[in-house]
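A short worksheet on the structure shown next.
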Number of protein chains: 2
Amino acid sequence: MNYKDFERCAVNVTVGMIAGKWKPVILQHLEPGEMRFVALWRAIPRVSKKVLLEQLRQLEADGLVGRREHQTFPPEVGYCLTERGVSLIPVLQVIDRWAAQNLPDRVVYRPHEVSEVSN
Amino acid sequence: MNYKDFERCAVNVTVGMIAGKWKPVILQHLEPGEMRFVALWRAIPRVSKKVLLEQLRQLEADGLVGRREHQTFPPEVGYCLTERGVSLIPVLQVIDRWAAQNLPDRVVYRPHEVSEVSN
DNA sequence: CAGGATCCCAACCGATACTG
DNA sequence: CAGTATCGGTTGGGATCCTG
């Protein structure tokens, strides 16, 4: 709790774990329960399959999400939050609340509402 | 507070604001009060001047730190937390506490204790 | 369906030298 | 002292095609 502990870079490590472009959204979608890869992909438009996979792998490596491979054909893989992942949710909520109170001037959008505007 | 709000990417925006490699450390050092550029630079070894400046500019653009230019020679510029920056501190503390409780297995170090070890 | 392989571009970070 | 300019390496994200 000592503020000096920030020097230990724990903040860096933690934000690094959720700093991926799609990671917060992934964690959100996984929060209600396990989800198949394709479902996750459909739920999060605008991500390439490769990147979605990468982010999942990283979340997995960081112990935030788990992967369950059902031995079926066609393949079926489920992703879900781990205990640690679940424990991170309140932290994300704190961040979200701070943003709501401090970033009223920002363009905050829902990813799936975004169409190909600029370029 | 509705968890669905995560879809608005407020979390993304916020973590983006502190995701820079040195940003948490910068915010920490500025927390006690205004600090000159050179002092900040000396306090945070291992950053190039260019990058430190970049990160400060970004924090400034995000409204987290302010810049005061004293008209002297040689030049003297002070950086400090803005109201918004100060309001972010508790959020960082929450992150830090989560890390302390959930990442005991990680190598967490103090930046200034790191010497040129590997390579 | 899950995911690997390629290729590509942009952003991030760093080192060094220079200027007012 | 504070800041630019330049260059180079590494990572992140994306598009597209291919396979078990």
Side-chain angles (χ1 to χ4, degrees), chain A residues 9 12-13 15-26 29-30 34-62 65-80 111-112 114-119, chain B residues 9 12-13 15-26 29-30 34-62 65-80 111-112 114-119:
Chain A
C9 283
N12 263 349
V13 174
V15 311
M17 288 170 62
I18 54 175
K21 179 165 180 183
W22 304 100
K23 287 182 186 176
V25 192
I26 292 173
H29 279 98
L30 256 37
E34 179 172 328
M35 219 168 159
R36 299 187 54 178
F37 180 81
V38 73
L40 202 49
W41 194 26
R42 276 195 277 260
I44 309 177
R46 299 162 49 81
V47 208
S48 81
K49 200 157 49 158
K50 190 202 89 174
V51 172
L52 178 57
L53 211 41
E54 279 176 2
Q55 309 254 317
L56 282 169
R57 294 261 189 270
Q58 291 167 19
L59 290 170
E60 205 187 337
D62 288 329
V65 319
R67 199 187 90 108
R68 267 190 23 196
E69 189 163 348
H70 308 72
Q71 280 305 5
T72 60
F73 191 87
E76 185 174 335
V77 175
Y79 291 92
C80 60
H112 53 275
V114 179
S115 40
E116 36 279 70
V117 183
S118 55
N119 80 287
Chain B
C9 284
N12 262 350
V13 174
V15 311
M17 289 170 63
I18 55 175
K21 181 165 180 182
W22 304 100
K23 288 183 186 175
V25 191
I26 292 173
H29 278 99
L30 290 184
E34 180 172 328
M35 218 167 160
R36 298 187 55 177
F37 180 81
V38 73
L40 202 47
W41 193 26
R42 278 195 276 260
I44 307 176
R46 300 161 50 79
V47 209
S48 81
K49 198 158 52 160
K50 191 201 89 177
V51 171
L52 178 57
L53 210 42
E54 278 176 4
Q55 309 253 317
L56 282 169
R57 294 259 189 272
Q58 291 167 19
L59 290 171
E60 205 186 340
D62 288 328
V65 319
R67 200 187 90 108
R68 267 192 21 200
E69 191 162 346
H70 310 72
Q71 281 305 6
T72 60
F73 191 85
E76 184 173 335
V77 175
Y79 291 92
C80 60
H112 52 274
V114 179
S115 40
E116 35 279 67
V117 184
S118 57
N119 88 287

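Model, not experiment: these values are computed from the prediction. Note: hydrogens, waters and symmetry copies are ignored here, and every other heavy atom, side chains too, is used. Letters go in sequence order (proteins before strands), and every chain restarts at 1.
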Would you kindly give the [atom1]-to-[atom2] distance between [X] and [N], to the nearest whole Å?
X       : N      : atom1 : atom2 : value
B:Arg46 : C:dT16 : CZ    : C1'   : 18 Å
A:Glu54 : C:dA2  : CD    : P     : 17 Å
A:Leu52 : C:dA2  : CG    : P     : 10 Å
A:Ile44 : D:dG14 : CD1   : C1'   : 15 Å
B:Ile18 : C:dC12 : CD1   : C1'   : 17 Å
B:Lys23 : C:dA11 : NZ    : P     : 14 Å
A:Lys21 : C:dC12 : NZ    : P     : 12 Å
B:Trp41 : D:dC1  : CH2   : C1'   : 10 Å

Between protein and nucleotides 4-7 of chain D, what N or O pairs are separated by less than 3.5 Å?
none

* Asked: Which residues within residues 68-78 of chain A lie with some heavy atom under 4.0 Å of an atom in DNA chain C?
  -> A:Pro74, A:Pro75, A:Val77
* Which part of the nucleic acid, if any, lies within contact of A:Val38, taking any heavy atom under 4.0 Å across all strands shown: a base, the sugar-phosphate backbone alone, or nothing? ->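 A:Val38: backbone/sugar contact only, no base atoms under 4.0 Å.
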Taking side chain to side chain contact (heavy atoms under 4.5 Å, CB included) as the definition, give me every residue that meets it alongside [X], ordered by chain and number, with sequence neighbours left out.
X       : value
A:Lys50 : A:Ser48, A:Glu54
A:Val15 : A:Val11, B:Ile18, B:Ile95
B:Val77 : B:Arg67, B:Glu69, B:Tyr79
A:Lys49 : A:Phe37, A:Trp41

Any [X] side-chain nitrogen or oxygen under 4.0 Å from OP1 or OP2 of [N]:
X       : N      : result
A:Trp22 : D:dG14 : yes
A:Arg36 : C:dC1  : no
B:Gln55 : C:dC13 : yes

* Donor-acceptor contact present, side-chain A:Glu76 to main-chain A:His70, <3.5 Å -> no
* Asked: Between B:Gln55 (side chain) and B:Trp22 (backbone), is there a donor-acceptor pair under 3.5 Å?
  -> yes
* Of B:Ala39 and A:Ala19, the one whose closest DNA chain D nucleotide lies more 5' ->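 Result of the comparison: B:Ala39.
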* Separation between CE of B:Met17 and CG of B:Asn12, rounded to the nearest 0.5 Å ->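 Rounded to the nearest 0.5 Å, the CE-CG separation comes out at 13.0 Å.
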* Euclidean distance, A:Arg42 CZ relative to A:Met35 CE, rounded to 0.5 Å ->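 Going from CE on A:Met35 over to CZ on A:Arg42, the span is 9.5 Å.
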* Which nucleotide in C:dG14, D:dA15, D:dA2 has an atom nearest any side-chain atom of B:Phe37 -> D:dA2
* **Residue pair A:Leu40 / A:Leu52: nearest heavy atoms and the distance that separates them** =>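 So the minimum-distance heavy-atom pair works out to C-CD2, 4.4 Å.
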